[in-house]
Number of protein chains: 2
Amino acid sequence: MNDIKKMGRPRTFDEKQALLKAMNTFWAKGYDGASLKDLTKAMGISGPSMYAAFGDKRELYLKTIDLYADVDACEPVVIFETEPDIAKAVKGFLQAVIHYAVSRENGAQGCYLASCAIANIDEVEGVAERLDKAIHDTDTRLAARFDLEKQKGNLPSDFPSINRARLMYDMRQSYMFRGRAKWSKATLEEDLDYRVKMIISSS
Amino acid sequence: MNDIKKMGRPRTFDEKQALLKAMNTFWAKGYDGASLKDLTKAMGISGPSMYAAFGDKRELYLKTIDLYADVDACEPVVIFETEPDIAKAVKGFLQAVIHYAVSRENGAQGCYLASCAIANIDEVEGVAERLDKAIHDTDTRLAARFDLEKQKGNLPSDFPSINRARLMYDMRQSYMFRGRAKWSKATLEEDLDYRVKMIISSS
DNA sequence: TTAAATATATATCGATCGATACATAAATGC
DNA sequence: GCATTTATGTATCGATCGATATATATTTAA
């Protein structure tokens, strides 16, 4: 539906692929630590191409944050939303988080928001609102699944969905933090079952 | 005992005070975002004085990390170690953490390690080992209090001290994260009692 | 009083920063 | 065809980066 030919010389690179490369560069070096040279080299494009496509360094950064929040960080959430059994869903979520936390490429371990974006929350305009939205969106999305289980009668009617959703998100951030600090998958999984219990316990 | 007069012109500034100012600057702007101009202005000294006293920018950064780990971040831990009742100790720890997370000066909210240092873990040599040590030291210190309570008979003999210590530290990091993301003290305290209960629950 | 030692202030270094001017290449519209 | 539009590659801008050379000020040792 949207394949109307545009005028002018066509792009020779894929915007999303370039954004992913930029994200990994920011992730490893930080906003100020990642130079335009670093970024354009990783993206495989020239400086002027970057500016034409994304605006400037700050806008590029904000777009990588949007990409992360909308796409990259969602896999564990999807697992949580699709696994039928709620206990298994919680455990599957945390397992996916742990796997994600330790298995990204060099220098980009952990959570992009928690280990990169948050460092510039007051320095780079636009970061704060995106971070706040990402946290609330995830909290809400996780709570929605708990609410669904309450309707089904699989969780008690007084189950505090939003509080447990926040707790679950906090567990995610904790694993991400230790993952970036080079903790092993095995060590992170040690206390997994108790944490699952803590999340779905009703009182 | 250590007031032997040194030769040469004496320092006109206090090293620790200058380090604290440098830490706040790094905290707000990040390692690469904080320029020597920013740093020396905040520290109230000239460039050459900074280099003479601390080496270079990287060494200054590492020294601020040491200062944070050894001094600045310890207040909630001390509360945890000194409050006689273990349940109150856990709650007091988390309350102190929440207070700390939201009440630092502009741009320096949250945990210095989690919102600044960790961003440069692979970029700045020496950060990774300090971060790893700080996490392990805190985990161990928290676990020691649980072990003490086990000896006293206030906690069951099979209480998993190190796992609960890690959980407690993770709760700390979570509050710090949301504190930096501008969450209010009241909101952070909402689910406090449940978290305390789960930290000291024995099964 | 002089020499040695350490800290300070000013001025400035080459390198790199983010960003852009310009000419050229490759597509569409007519 | 030719004009228009958009993207690319090269070369480079002024500003700022981290770091230092130099001269001066202030202390102790003798």
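Since the model is a prediction, treat every value here as computed from it, not as a measurement. No hydrogens, no waters, no symmetry mates; every other heavy atom, side chains included, goes into these values. Chain A is the first sequence line, chain B the second, and so forth, proteins listed ahead of strands; every chain is numbered from 1.
- Rounded to whole Å, the distance from CD1 on Ile45(A) to P on dT20(C) is 15 Å.
- Between Gly33(B) and Gly8(B), the one whose closest nucleotide on DNA chain D sits nearer the 5' end is Gly33(B).
- Relative to the six-membered ring of Tyr31(A), Lys57(A) meets both conditions, a distance below 6.0 Å and an angle of at most 45° to the axis.
- Of the possible polar contacts, one joining the Tyr194(B) side chain to the Met198(A) backbone as a donor-acceptor pair under 3.5 Å is found.
- Between the CD atom of Glu189(A) and the NZ atom of Lys91(A) there is a distance of 8.5 Å, given to the nearest 0.5 Å.
- Lys41(B) places its NZ atom 13 Å from the P atom of dT16(D), with the value rounded to the nearest Å.
- When the P atom of dT8(C) is taken as reference, atom CZ of Arg11(B) falls 6 Å away, rounded to whole Å.
- Within the structure, every side-chain polar atom (N or O) of Ser46(A) is placed at least 4.0 Å from both OP1 and OP2 of dA7(D).
- Comparing dG18(C), dC17(C), dA4(C) against the side chain of Lys57(A) picks out dG18(C) as the nearest.
- The shortest distance between the side-chain N/O atoms of Ser49(A) and the OP1/OP2 oxygens of dA7(D) is not below 4.0 Å.
- In this structure, Asp38(A) places its CG atom 7 Å from P of dC17(C), rounding to the nearest Å.
- Contact of Arg9(A) with dA25(C) (side chain to base): a donor-acceptor pair of N or O atoms is detected under 3.5 Å.
- Nucleotide dT16(C) holds its C1' atom 14 Å from the CG atom of Leu39(A), rounded to whole Å.
- Nucleotide dA15(D) holds its P atom 12 Å from the NZ atom of Lys37(B), rounded to whole Å.
- Residue Gly47(B) is the one, among Met50(A) and Gly47(B), whose nearest nucleotide of DNA chain C lies closer to the 5' end (criterion: closest heavy atom).
- Taking only side-chain atoms of Pro48(A), from C-beta outward, the nucleotide of dG18(C), dG9(D), dG18(D) with the closest atom is dG9(D).
- An OP1 or OP2 oxygen of dC17(C) is reached within less than 4.0 angstrom by a side-chain nitrogen or oxygen of Ser35(A).
- For the 3.5 Å distance criterion, the side chains of Asp38(A) and Thr25(A) fail to qualify, holding no donor opposite an acceptor.
- Checking dG29(C), dA19(D), dG18(C) against the side-chain heavy atoms of Tyr51(B) singles out dA19(D) as nearest.
- Stacking of Arg164(B) on the aromatic ring of Phe159(B) is recorded, both the 6.0 Å distance cut-off and the 45° axial limit being met.
- Taking the nucleotide of DNA chain D with the nearest heavy atom to each of Pro10(B) and Leu36(B), the more 5' of the two is matched to Leu36(B).
- The distance from atom NZ of Lys29(A) to atom P of dC17(C) is 9 Å, rounded to the nearest whole Å.
- For the pair Phe13(B) CZ and dT8(C) C1', the computed distance is 10 Å after rounding to whole Å.
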